[in-house]
There are 2 protein chains.
Amino acid sequence: MSDIEVLLRMLSRRDELTAEEMRLLAALPKRRRLFARGETIIPSHAEPTECGLLVEGFAGREIMVGDGGRQLTAVKVPGDLLDLCTLLMRVTDHAVVALTSCVVSFISHRELLLVIEGCPHLGRLLWLTTTLDGAIQRNMSVNVGRRDALTRMANLICDLYHRLEIVGLAERHAMRIPLSQATLGDLLGISAVHVNRTLQTLRRRKVVSWNTSGDVVIRDYNRLAAIAGFDPVYLNLVKLSR
Amino acid sequence: MSDIEVLLRMLSRRDELTAEEMRLLAALPKRRRLFARGETIIPSHAEPTECGLLVEGFAGREIMVGDGGRQLTAVKVPGDLLDLCTLLMRVTDHAVVALTSCVVSFISHRELLLVIEGCPHLGRLLWLTTTLDGAIQRNMSVNVGRRDALTRMANLICDLYHRLEIVGLAERHAMRIPLSQATLGDLLGISAVHVNRTLQTLRRRKVVSWNTSGDVVIRDYNRLAAIAGFDPVYLNLVKLSR
DNA sequence: CGTCAGATTGATATTCATCAAGATCGGTGG
DNA sequence: CCACCGATCTTGATGAATATCAATCTGACG
């Protein structure tokens with residue numbers, strides 16, 4: 001898939017894009033780079049001059065907590081802009097790390113701002129992605145807040161399924177999530193051991209199958225969504241009129 | 001304090017505002033309304049046509065979780081826009097409720113969009129508030145994710161102190177936070193009983209005093225920030241050049 | 001075949017929720 | 001003025017969810 005293809009899919013699911021707008025986005029100069037799993041894509045407390053579009057792989061927002069542990073506050077999937085916030089906030093408050101090997105396309109802030117100036121509707125669309133990012137983050141907060149491990153896990157699976165489906169990386173309730181159980185623990189705020197036991201429960205109940213190599217199949221979506229208390233409104237899958 | 005005064009303070013702490021921009025914001029027609037504690041300011045799954053500016057009081061984003069419990073994913077203080085996200089996302093994914101009695105000024109989306117069209121820099125500034133909101137949300141996620149109750153509480157106190165200070169509602173380490181312990185529990189994802197015990201620990205260690213009527217004094221900021229592992233970068237208190 | 005990362009399992013420790021019973025306090029009506 | 005009331009804060013006791021530690025198992029890969 002081309003660099004821009006995933007972005008266009010992600011955006012056009014939320015709003016109509018004109019041919020001209022697609023052209024403008026496609027014409028943006030991009031610097032493509034590969035990251036190995038574990039590498040830092042964007043460091044914390046930095047002042048980037050470009051923003052990254054995740055093209056392949058999974059990345060995560062990482063904030064270190066006091067005692068050496070880390071908390072991942074978000075998973076990023078292909079089509080997500082990794083640090084659009086730096087376009088407006090000078091200093092990053094978190095790092096973005098590669099959770100699997102990743103392909104990232106960088107677009108300079110300057111170029112991006114020029115395009116927005118020439119096409120305010122694109123600006124609004126990018127603003128919308130910031131809003132969406134906030135909504136996804138909120139869902140994450142709820143998730144780690146007051147729910148038990150099983151609910152958290154179910155919610156994460158629902159969230160990823162819908163987001164991957166948008167960019168064509170999930171279909172018929174199947175997808176690949178090649179994250180280790182330790183990484184899942186960092187995402188859900190639970191220990192790796194408990195992730196393991198939680199997955200076993202989901203398997204035992206025949207709701208989800210998730211093998212060691214990361215192939216995930218949702219065997220009973222309705223039950224999964226019920227366990228998760230999942231409400232997809234936050235994903236804003238209803239198109240906005242212009 | 002006038003309706004717009006708190007908003008101007010909040011914004012001008014992050015970027016320069018010209019006299020013209022201030023005039024535009026002040027000239028926006030507003031519909032002022034009072035809410036009693038516990039009332040819903042913006043319902044969930046609604047399609048608002050205006051956005052609320054919190055002028056006085058504390059509000060919270062509320063998402064209900066399965067078993068009747070609620071999770072507050074954010075506290076809003078005077079100067080905060082309560083639901084700017086609805087300007088771009090049609091349907092609200094959460095409710096906003098009054099945690100104390102609140103004064104809210106509503107501004108219609110239409111008027112707001114007109115102003116932005118005429119003054120792109122104001123649009124960027126509002127976009128920045130969306131970004132900022134995301135950063136505050138992220139800090140919240142970290143907070144409820146993997147930290148113990150004491151750390152969560154310390155973090156919330158630091159967060160509120162800085163945000164209240166910006167709008168002139170905190171100074172010399174003193175502020176009023178008239179939230180019940182049950183409400184604090186909903187914010188931190190812990191039970192009300194545990195909130196009580198946590199506050200006692202902070203009092204016993206002479207880090208914070210917090211009496212029943214909501215007067216809070218940070219007696220040892222450095223120790224509090226150390227307990228919290230607090231890093232204020234996310235509040236973006238460094239002004240952006242234009 | 002050896003190695004290594006990750007998954008799995010069992011045993012124990014900790015944190016926090018829950019339940020239940022006072023204590024405190026501001027307000028309210030007699 | 002006083003008795004009462006409801007809401008909130010406080011305290012103690014018990015139990016459940018999850019962390020932590022340690023050991024073993026598995027599969028990929030050189």
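Order of the sequence lines sets the chain letters (A, B, ...), proteins ahead of strands, with each chain counted from 1. Computed from heavy atoms alone, side chains included, the values below leave out hydrogens, waters and symmetry copies.
- For the pair A:Arg146 CZ and C:dT18 C1', the interatomic distance rounds to 12 Å; values are reported in whole Å.
- B:Leu99 has its side chain within reach of B:Leu72: a pair of non-hydrogen atoms, C-beta onward, lies under 4.5 Å apart.
- Distance from the side chain of B:Ala149 is smallest to C:dC16 among C:dC16, C:dG6, C:dG10.
- Remark: side-chain polar atoms of A:Thr92 are paired, donor with acceptor, to backbone N or O of A:His45 under 3.5 angstrom.
- Here the C1' atom of nucleotide C:dC16 and the CZ atom of B:Arg152 are 10 Å apart, to the nearest Å.
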>> I'd like to know whether A:Leu164 forms a side-chain contact (heavy atoms from CB on, under 4.5 Å) with A:Phe58, so could you lay out the CA-CA distance, the side-chain angles of the two residues, the decisive distance to 0.1 Å, and finally the verdict.
In response: CA-CA 11 Å; A:Leu164 290 172; A:Phe58 290 76; 4.1 Å; yes

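- Among D:dT11, C:dT9, D:dA19, the nucleotide with an atom closest to any side-chain atom of B:Val193 is D:dT11.
- Spacing between atom CG of B:Asn211 and atom P of C:dG26 amounts to 11 Å, rounded to whole angstrom units.
- In terms of phosphate contacts, B:Gln181 brings no side-chain nitrogen or oxygen within less than 4.0 Å of OP1 or OP2 of D:dA7.
- Test A:Val217, A:Ile157, A:Asp215 against A:Met175 for side-chain contact (heavy atoms from CB on, under 4.5 Å) and you get one pass: A:Ile157.
- A close approach under 4.0 Å does not occur between any side-chain nitrogen or oxygen of A:Arg147 and OP1 or OP2 of C:dA17.
- The side chain of A:Arg197 lies closest to C:dT9 when the candidates are D:dT18, C:dT8, C:dT9.
- Following rounding to the nearest Å, B:Ile190 (CD1) and C:dT18 (P) show an atom-to-atom distance of 12 Å.
- Regarding A:Asn196, its CG atom lies at a distance of 15 Å from the C1' atom of D:dC21, rounded to whole Å.
- Here A:Asp148 lies in heavy-atom contact (under 4.0 Å) with sugar-phosphate atoms only.
- Residue contacts shown for B:Gly214 are absent, as no nucleic acid heavy atom lies under 4.0 Å away.
- The distance from atom NE2 of B:His194 to atom P of C:dT18 is 12 Å, rounded to the nearest whole Å.
- Remark: P of C:dT8 and CG of A:Leu202 are 13 Å apart, rounded to the nearest angstrom.
- Salt bridge annotation for B:Asp83-B:Arg61: absent, with no cationic side-chain nitrogen under 4.0 angstrom from a carboxylate oxygen.
- Closest contact between the side chain of B:Ser191 and the listed nucleotides D:dT18, C:dA17, D:dT20 involves C:dA17.
- Residue contacts shown for A:Ala192 are absent, as no nucleic acid heavy atom lies under 4.0 Å away.
- As rounded to whole Å, 12 Å separates atom C1' of C:dA7 from atom CG of A:Leu184.
- For B:Arg37, a side-chain nitrogen or oxygen approaches OP1 or OP2 of D:dT8 to under 4.0 Å.
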